[in-house]
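Counting starts at 1 for both ligands and their atoms, following the listed order. All residue numbers refer to positions in the sequence shown, counting from 1.
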Amino acid sequence: MERKVRVRFAPSPTGPLHIGGVRTALYNYLFARRNGGEMLLRIEDTDSQRFVPGAEEYIVEALGWLGIKIDEGVGVGGDHGPYRQSERRDIYRKYVQQLLDEGKAYYAFDTPAELEAARNSRPNFQYDASTRMEMRNSLTIPADEVKAMIEAGTPYVVRFLIEPGRDVEVNDLLRGRVVINSSILDDKVLYKSADDLPTYHLANIVDDHLMEVTHVIRGEEWLPSAPLHVLLYEAFGWTDTAPRFVHLPLLLKPDGKGKLSKRDGDRLGFPVFPLEWHDPKTGAVSAGYRESGYLPEAVINFLALLGWNPGDDTEIMSMDELVEKFSFDHCSRSGAKFAYEKGRWFNHEYLQKVSDERLAELFKPVLTKNGVDPSAFTDEYIARAVGLLKSRINFVADLWDQARFFFVAPETYAEKDIRKRWKEDTPAIMEELIGVLTALPSFKSAEAEPIVLQWVADKGYHLGNVMNAFRLCLVGECKGPHIFDITELLGLDETVSRIRRGIQTISLPPAQQ
Ligand code: GLU
C-alpha cells in the first residue's frame, strides 16, 4: 500500500531561519499539499552548545507569517510527539542500546587529547576500520573493564561501526542514484554520554522513522550525510520504509560565485531572514522581509521560483496555484542565483493586488513612525490616498515618500520647480483659482477638472505653469498623482488653505526678480 506522504521541516534552533531554510520549508509544504500529505515541524536541538534562545519561537512565527501551515509538530501537537529532540532522550537511548546490543555500534572512551594525538600521528586520520583497533573502545578493551568504566561514570561516546568496502546507494529524487563506497565514511559518533543526547545523525534517523516520514527534503549541504543515513536505516532494519531523499540546490549569491550569505544581503541591501532578528547575545538587529515591507505572498512566490519552475513561464502564482503545479520534475539540480531585484518586482506586483483597505492598515505603522497620528484621518481617507499611489511603490514604506503630502501640508517647496513654474503673475492667478474652486458645484475629480481647465483656456493662461504652480502648493513639488484626484481627496478647505500658504510662502528666487 502507498504510504501517506509525510514530510518534515527539521531546523536546528541555532539562530534566525535563513531564507534558504525558508525555501526548504516551502518546498516541503508544496510537496506535501500537492500529494495530499502532511507536514511536520521538528526542532532538532540536540546540540546544546549551539542552542540560541528565541530561535524556535522565531521559526514558528516566520512560518506562520509566510502561510506555511504545519499539520503536526512543535506548536501544533500530534500523535508522534514530543517534537523537540531534547525531550526525546529516553527514545534515543533505547535505539542506541539496540545498535550496541547487536554489535552495530560500540563504546569509545578516547579523550579529546588522545583523539588529537591520533590525528597528529598520521595524515588524514579517520576513526574507521583502519584505525579503530588502535583506539580506546569496547572493541579493544575487555568487556568487564568497559562495564566498570561506564559504571564509574567515565565519559564515552557511542560510535557507529561502519563496514568498509561496501557500495552504498543513495537515491535522490532530484539527483538520481549515487553510489559511494563505505570505506570513505568514518565511525560517526551517535551518542555522547556527557549530555546524554544523541548526535544529529541518530536522532534524525530515529525520528524520521518513528514519525513515519516518507520524504526527506532538505538542503544540499546534507547530501554528504545521506550514505551514513542509508546505513543507519539498514542497521535498524528499516530499509523498506526509509524515506526518499531530495537534496535541494543551494541558493547562490546574486553576483559572483558561491553560497548566498548574510553579508551579501548587507552589501547589496536586501534581507536574508524572513523576520527581523534581534540577536540575544550581541543585540545586533538583522533585517527581515516582513519589516522591510514585503508581503508574505510575494516572498513565497519569489522563493518558489528559486530552483523550480511550473514548466512554462508563468510567474505570478498564489500559494494554491503553486501547490497545484509543484513537482520535483521541474526542480533544478544546480544552484539558483538569489536575484533579489526580482523579489522587489514580485512585491510590487503583489501590492497592486492588495485592497486599498489592507494597504492602509499596513501603512498606518509607517505613518506613526513618521510622526503622523493615523487616527487623525479616517480609514477611508488613508485607503484612498494609498490607492492613488500604490502603482508607484515596491514597498509599503515607499508610500511615505509618495503620499506624505496627503497627511502633512508642505512646509518647503522644491526650488527647481519654483524657478520653472512660479512666475510673477502666479500669486494673482492662484488667488483667482481659489475663487474658481470655491465656486465649483462639485469637488469630484471628473467634474472639477473640465471647469478649471475651461477657466485656464478662457483666460489664456499657460496651462503647464498654472497647473504646476497649483501642484507645487498642494504637494510641495511637481510630482504626484492626477491633480484633481488630489484635490478631491484633500477637500476644498485644505486645498484652499494650501494655495494660500503657497502664495504667502513661495517667494520668487533672486534670479527671476
Ligand atoms: N537539523 C538539520 C538542519 O538544521 C536538519 C537537516 C535535515 O533536514 O535532515 O538543517
Please tabulate, one line per pair, the protein N or O atoms found under 3.5 Å from any N or O atom of ligand 1, giving the distance to one decimal.
unit_1, atom_1, unit_2, atom_2, d
ligand 1, 1 (N), Ala10, O, 2.8
ligand 1, 1 (N), Ser12, OG, 2.9
ligand 1, 1 (N), Glu44, OE1, 2.7
ligand 1, 4 (O), Ser12, N, 3.2
ligand 1, 4 (O), Ser12, OG, 3.1
ligand 1, 8 (O), Arg8, NH1, 2.8
ligand 1, 8 (O), Arg8, NH2, 3.4
ligand 1, 9 (O), Arg8, NH2, 2.9
ligand 1, 9 (O), Tyr200, OH, 2.7
ligand 1, 9 (O), Asn204, ND2, 3.1
ligand 1, 9 (O), Arg218, NH1, 3.0
ligand 1, 10 (O), Trp222, NE1, 3.3

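- Within the structure, side-chain hydrogen bond (donor to acceptor under 3.5 Å, both in side chains) pairs that include any residue of residues 283-293 comprise Glu61-Arg290 (at least two apart or interchain).
- Taking the six-membered ring where tryptophan is involved, the planes of Phe346 and Tyr350 are tilted, since the angle between them lies from 30° to 60°.
- Residue pairs meeting the side-chain hydrogen bond (donor to acceptor under 3.5 Å, both in side chains) criterion with at least one member in residues 149-166, sequence neighbours excluded: Arg166-Glu234.
- For residues 42-79, the pairs satisfying ring pair (Phe, Tyr, Trp, His ring centres under 6.0 Å) are Tyr58-Trp277, with sequence neighbours left out.
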Decide yes or no on side-chain contact (heavy atoms from CB on, under 4.5 Å) for Arg6 and Glu72, but give the supporting numbers first.
-> CA-CA 10 Å; Arg6 281 170 61 88; Glu72 192 180 313; 2.9 Å; yes
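- Asp172 and His247 share a donor-acceptor pair across their side chains, judged by distance under 3.5 Å alone.
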